[in-house]
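What follows is one structure encoded as structure tokens, with my remarks underneath.
In what follows, every chain begins at residue 1, and chains take the letters A, B, ... in the order their sequences are listed.
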2 protein chains.
Amino acid sequence: MAQPGTVDRILDTAEVLFAQKGFAETSLRAITSKAGVNLAAVNYHFGSKEALIQAVFERFLTPFSVALAAKLDELEAAGTPDTPDTILGIVSRLALGTHPQDPQRAAIFFRLAGQAYSQPQGHLRQYLNRHYGDVFERLQVHLQRAVPDVPPMELFWRVQFSLGAVIFTLSGLESLQGISKTDFNLDLTAADITRRLLPFLVGGIQADVPAQ
Amino acid sequence: MAQPGTVDRILDTAEVLFAQKGFAETSLRAITSKAGVNLAAVNYHFGSKEALIQAVFERFLTPFSVALAAKLDELEAAGTPDTPDTILGIVSRLALGTHPQDPQRAAIFFRLAGQAYSQPQGHLRQYLNRHYGDVFERLQVHLQRAVPDVPPMELFWRVQFSLGAVIFTLSGLESLQGISKTDFNLDLTAADITRRLLPFLVGGIQADVPAQ
DNA sequence: CTTGCTTCCAAACGTATGTTTGAAACGTAT
DNA sequence: ATACGTTTCAAACATACGTTTGGAAGCAAG
């Protein structure tokens with residue numbers, strides 16, 4: 001497995017740069033030079049830039065989705081009744097805690113997710129759906145039990161809205177932190193924002209469906 | 001003012017392509033060839049690609065913000081009491097109706113906005129804030145009156161969350177429409193989604209603030 | 001018809017990108 | 001020590017990009 005580090009150094013650096021500048025705007029040269037490895041290393045170890053991007057996501061999402069699946073197992077085994085608070089609470093705690101070593105890691109993850117999702121063409125979106133769609137659907141089933149009065153289609157969209165709120169906010173965290181600091185003189189971490197997000201999402205998801 | 005069309009043909013084409021593929025992924029050659037104008041026309045008429053992007057936004061946002069300001073004037077003149085529904089209703093109707101000629105135009109606009117906002121570096125975000133920040137703040141004031149129990153800071157974040165839900169959802173409309181079609185056998189327009197968005201946003205914005 | 005100004009156009013420029021190459025360096029097992 | 005598979009490296013490759021250029025085309029006023 002070669003010099004202990006090259007692959008991981010590439011992943012570490014790429015992760016940060018992708019989140020900072022976006023995929024297209026981050027060159028392999030920027031990654032490799034900052035990582036202190038040769039330019040050709042990316043193509044040697046990953047095959048292409050596209051494959052590197054996927055690898056970065058995999059390193060993030062696999063632990064997350066495994067942990068989420070486990071939590072859902074627990075929930076089902078214990079027979080805990082589903083409520084929006086418990087379901088969303090689990091997700092948010094996991095998102096913030098899957099990589100406890102680095103508190104900024106969660107922010108990076110959401111920035112990446114935002115980048116991926118806003119890639120209009122959507123290679124990445126397909127990839128994510130293909131690899132992590134199962135857990136996502138399980139989550140949706142539990143949510144449906146938590147708000148049985150919301151029709152499935154309506155709930156589907158509300159989950160999308162929630163995703164949007166989370167990813168969009170955390171992916172723009174830096175600028176927003178700046179605003180928050182000047183306007184309210186407060187520093188904010190991803191955890192702070194998540195705490196504020198939860199009531200908002202719960203309120204939105206269980207809102208009354210208009211008669212129409 | 002030259003051949004009637006070059007500038008507008010560039011703007012029309014750029015608008016669509018930017019929304020479809022993103023800014024970095026859309027080359028000037030793609031724009032000019034599809035628009036049927038010479039490659040050099042962009043730099044001649046706009047100065048640079050960056051300036052073209054700003055021009056595309058301006059064409060969208062200026063009518064919108066003018067109309068919004070007018071609506072807020074009305075509201076204040078009539079002395080209508082502020083409620084989340086009225087405020088958000090105004091915004092959503094305007095976003096969908098500022099360019100009534102083309103129903104798909106709203107979707108394009110939100111895709112553009114999503115692209116702009118997720119540009120991590122944020123040149124565009126700054127530009128938008130600088131040019132349209134005033135109207136945005138007025139809007140926020142009215143919202144605050146509508147939910148006086150929500151602390152200003154909390155409201156600020158909830159507005160961000162709402163922005164995320166809107167932009168993110170509509171910017172990914174195409175893929176989501178695909179899912180909706182297969183899973184629920186339903187076609188959706190931007191207007192449909194907006195109708196579903198409103199209760200979600202209202203529910204989120206006026207949710208109880210946890211004691212903490 | 002000439003002049004002056006704007007707009008258009010084909011071609012080229014310089015640069016940056018992802019990728020490939022072939023040899024050197026390395027580590028390991030024979 | 002030698003041979004072998006893996007990994008690193010500097011260099012080059014091909015391509016795509018945004019931008020610039022110099023002149024042609026168009027057009028209005030003198």
Measure from the side-chain N and O atoms of A:Thr26 to the backbone N and O of A:Lys21, and report whether any donor-acceptor pair falls under 3.5 Å.
no
A:Lys49 (side chain) donor-acceptor with A:Phe23 (main chain) under 3.5 angstrom
yes
Run the side chain to side chain donor-acceptor pair (under 3.5 Å) test on B:Glu58 and B:His131 for me, step by step, so that the C-alpha distance in whole Å, both residues' side-chain angles and the decisive distance to 0.1 Å come before the verdict.
CA-CA 9 Å; B:Glu58 227 173 275; B:His131 286 257; 5.5 Å; no
Please report the C-alpha distance between B:Arg196 and A:Gln160 in whole Å, then the side-chain angles of each, then the deciding distance to 0.1 Å, and finally whether the side chain to side chain contact (heavy atoms under 4.5 Å, CB included) criterion is met.
CA-CA 11 Å; B:Arg196 289 165 203 277; A:Gln160 299 300 320; over 6 Å; no
Okay, side chain of B:Thr86, backbone of B:Asp82: is any donor-acceptor separation there less than 3.5 Å?
no
Between protein and nucleotides 11-22 of chain D, map the contacts as a letter string: B base, S sugar-phosphate only, - none, heavy atoms under 4.0 Å, written 5' to 3'.
-B----BBBBB-
What string of B, S and - do you get for nucleotides 22-27 of chain C, 5' to 3', if B is base contact, S is sugar-phosphate-only contact and - is no contact with any protein heavy atom under 4.0 Å?
------
Distance below 4.0 Å between B:Thr6 side-chain N/O and C:dC8 OP1 or OP2
yes
Can you see if the side chain of B:His45 gets near the phosphate of C:dT6 - specifically, an N or O under 4.0 Å from OP1 or OP2?
no
Yes or no on side chain to side chain contact (heavy atoms under 4.5 Å, CB included) for B:Val37 and B:Tyr44, after CA distance, side-chain angles and deciding distance?
CA-CA 12 Å; B:Val37 304; B:Tyr44 176 75; over 6 Å; no
If pairing means Watson-Crick or G-U wobble with both distances under 3.5 Å, then the partner of C:dG14 is D:dC17
Just by distance, with hydrogens left out, do A:Thr62 and A:Tyr132 show a side-chain donor and acceptor under 3.5 Å apart?
yes
Side-chain donor/acceptor of A:Arg158 to backbone N/O of A:Ala207, under 3.5 Å:
yes
